[in-house]
Participant: 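Before we start, here is the structure in question, set down as structure tokens.
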Amino acid sequence: MPLSSVAANASEQEVPYYQSVGNECAMFEQAFQQRLPLLLKGPTGCGKTRFVSHMAAKLGKPLFTVSCHDDLTAADLTGRYLLQGGETRWVDGPLTRAVREGGICYLDEVVEARKDVTVVMHPLTDDRRLLPLERTGELLEAPDDFMLVVSYNPGYQHILKSLKPSTRQRFVAMSFDFPPPQVERDIVARESGLPADQCAALVNLAASLRDMKGQDLEEGVSTRLLVYCATLIRAGMPIRDAARATLVEPLSDDADVQEGLMEAIQATFG
């Protein structure tokens with residue numbers, strides 16, 4: 001399974017839909033133009049990844065997306081020697097490709113990766129903008145159209161997996177949250193095709209469920225799950241069944257918590 005996905009230029013595909021709620025688009029453009037690395041902070045499913053996809057397409061730059069996990073190493077990002085056709089050849093990882101070719105490298109949930117990933121990032125996040133490749137002896141200088149973007153959810157991570165202050169201070173940072181109700185309603189309606197009035201009820205329900213975060217739930221319901229729910233309703237699934245499949249089962253395995261969530265859904269939709 002490939003570690004990265006590369007998006008086509010904006011001229012080759014439609015710019016992914018994203019509804020701005022502040023100056024985040026202007027901030028991203030300025031960070032790109034000034035060759036500054038960018039850190040996005042916010043809860044799961046609030047639109048960080050869609051935002052990066054939108055901005056990469058808007059700027060017409062290739063996007064190299066890496067979903068970080070416990071086993072992700074620096075070599076997964078930079079590259080390694082592989083046996084191909086009876087010969088050992090160096091194969092660039094997604095970060096190296098972005099530096100060589102120009103483009104935006106996005107490390108999603110970067111704190112999930114192993115610590116050596118941070119070491120690789122550091123020379124790219126100051127005025128050097130360098131990527132040392134010890135295995136090949138190369139020292140790559142990032143071109144003007146290279147940008148490093150990372151994201152994480154500070155409210156979810158364990159203390160042992162937080163981003164160190166010394167690393168955070170290498171980035172321009174922006175905080176993300178779930179959109180305001182009217183904006184979220186419009187997003188859900190556009191993405192699912194469900195009428196706006198029905199989407200408004202889902203957004204109101206989401207606000208109630210998010211109030212349970214930190215009490216009965218580790219995470220509040222994401223905008224992504226609202227889109228899933230609206231999509232199933234639009235396809236003809238009964239609201240109660242759609243809500244259970246998207247707003248209850250993914251959020252908790254505890255029977256008592258699930259019962260409480262279903263009661264909130266019943267109170268909203270009857």
Side-chain angles (χ1 to χ4, degrees), residues 5 7 13-22 24 40-55 57 65 67 69 106 108-109 112 151-157 175-270:
S5 57
Q13 67 169 21
E14 182 181 354
V15 176
Y17 173 74
Y18 174 79
Q19 177 62 55
S20 63
V21 296
E24 66 269 30
L40 308 180
K41 303 184 293 180
T44 301
C46 70
K48 301 186 297 295
T49 299
R50 174 62 67 90
F51 170 65
V52 177
S53 298
H54 170 84
M55 292 306 302
T65 297
S67 297
H69 52 80
Y106 174 48
D108 187 22
E109 294 295 347
E112 295 293 337
S151 72
Y152 78 112
N153 179 357
Y156 178 75
Q157 307 302 336
S175 291
F176 278 67
D177 204 342
F178 299 112
Q182 185 170 350
V183 174
E184 190 166 34
R185 179 204 67 186
D186 293 342
I187 291 171
V188 175
R190 189 186 189 283
E191 293 289 290
S192 68
L194 191 70
D197 57 339
Q198 291 180 266
C199 292
L202 283 176
V203 169
N204 290 336
L205 172 63
S208 299
L209 300 185
R210 287 166 186 162
D211 288 339
M212 299 172 65
K213 180 183 177 182
Q215 302 173 25
D216 297 323
L217 297 177
E218 291 185 358
E219 281 288 306
V221 59
S222 67
T223 302
R224 181 187 300 118
L225 286 178
L226 291 183
V227 172
Y228 291 170
C229 186
T231 299
L232 292 177
I233 293 171
R234 182 179 179 273
M237 180 173 287
I239 293 176
R240 185 180 178 88
D241 294 342
R244 173 174 284 280
T246 58
L247 307 182
V248 176
E249 295 291 350
L251 293 180
S252 178
D253 296 324
D254 186 281
D256 291 335
V257 174
Q258 289 186 351
E259 183 178 351
L261 294 175
M262 288 305 299
E263 288 175 359
I265 291 167
Q266 183 68 25
T268 299
F269 294 104

Participant: Do any pairs count as a side-chain hydrogen bond (donor to acceptor under 3.5 Å, both in side chains) and have a residue in residues 251-264, sequence neighbours left out, and if so which ones?
Facilitator: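 Output for this query lists Glu249-Gln258.
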
Participant: Would you say the side chain of Leu251 lies within less than 4.5 Å of the side chain of Leu225, judging by non-hydrogen atoms?
Facilitator: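 Side-chain contact under 4.5 Å: yes.
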
Participant: Under 4.5 Å between any side-chain heavy atoms of Ser222 and Cys46, yes or no?
Facilitator: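 Ser222 vs Cys46: side chains apart.
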
Participant: Under 3.5 Å, is there a donor-acceptor pair between the Ser151 and Asp108 side chains?
Facilitator: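 There is such a pair (donor and acceptor under 3.5 Å, judged by atom type) between the side chains of Ser151 and Asp108.
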
Participant: If we ignore hydrogens and angles and just use 3.5 Å, is the side chain of His54 paired with the main-chain N or O of Tyr17 as donor and acceptor?
Facilitator: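 Side chain of His54 to backbone of Tyr17: no pair is present.
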
Participant: List the atom of Ile233, the atom of Ile239, and the distance in Å for their closest heavy-atom pair.
Facilitator: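 Heavy-atom minimum between the residues: CD1-CG1, 4.0 Å.
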
Participant: Can you check side-chain contact (heavy atoms from CB on, under 4.5 Å) on Thr44 and Arg224, steps first, answer last?
Facilitator: CA-CA 9 Å; Thr44 301; Arg224 181 187 300 118; 4.3 Å; yes

Participant: Which pairs with one or both residues in residues 182-191 pass side-chain hydrogen bond (donor to acceptor under 3.5 Å, both in side chains), sequence neighbours excluded?
Facilitator: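 Counting only pairs at least two positions apart or across chains, the side-chain hydrogen bond (donor to acceptor under 3.5 Å, both in side chains) contacts touching residues 182-191 are Arg50-Glu191, Glu184-Arg210, Glu184-Thr223.
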
Participant: Quick one: pull up CG in Leu194 and CZ in Arg234 and give me the separation to the nearest 0.5 Å.
Facilitator: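 Result: 8.0 Å between the selected atoms.
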
Participant: Identify the two heavy atoms, one from Ala189 and one from Ala196, that lie closest to each other, and give their separation to 0.1 Å.
Facilitator: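 Looks like CB-CA, 4.2 Å.
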
Participant: For a quick test of reading the model, state the closest non-hydrogen atom pair linking Val183 to Gln19 and the distance between them.
Facilitator: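 In terms of heavy atoms, the two residues are closest at CG1-CG, 3.3 Å.
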
Participant: Which atoms form the tightest heavy-atom contact between Leu247 and Leu261, and what is the distance?
Facilitator: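 It is O-CD1, 3.9 Å.
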
Participant: First locate atom NZ of Lys41, then atom OH of Tyr152, and finally report the distance between them rounded to the nearest 0.5 Å.
Facilitator: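 Rounded to the nearest 0.5 Å, the NZ-OH separation comes to 5.0 Å.
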
Participant: Indicate yes or no: at least one non-hydrogen side-chain atom of Leu232 is less than 4.5 angstrom from one of Cys229.
Facilitator: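 The answer is no; the side chains never approach within 4.5 Å.
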
Participant: Between Cys199 and Ser192, what is the shortest heavy-atom contact and its length?
Facilitator: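 Heavy atoms only, the tightest pair is SG-OG, 4.2 Å.
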
Participant: So Phe269 and Gln198, do their side chains get closer than 4.5 Å, heavy atoms only?
Facilitator: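 No - every pair of side-chain heavy atoms lies 4.5 Å or more apart.
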
Participant: In sequence, state the C-alpha distance, the side-chain angles, and the governing distance for Glu24 and Leu40, and then conclude on side-chain contact (heavy atoms from CB on, under 4.5 Å).
Facilitator: CA-CA 10 Å; Glu24 66 269 30; Leu40 308 180; over 6 Å; no

Participant: Looking at every non-hydrogen atom in both residues, tell me the closest pair between Leu205 and Thr268 and how far apart they are.
Facilitator: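 Residues Leu205 and Thr268, closest heavy atoms: CD1-OG1, 3.5 Å.
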
Participant: Are any side-chain N or O atoms of Lys48 and backbone N or O atoms of Pro43, one a donor and one an acceptor, separated by less than 3.5 Å?
Facilitator: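 At least one qualifying donor-acceptor pair exists.
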
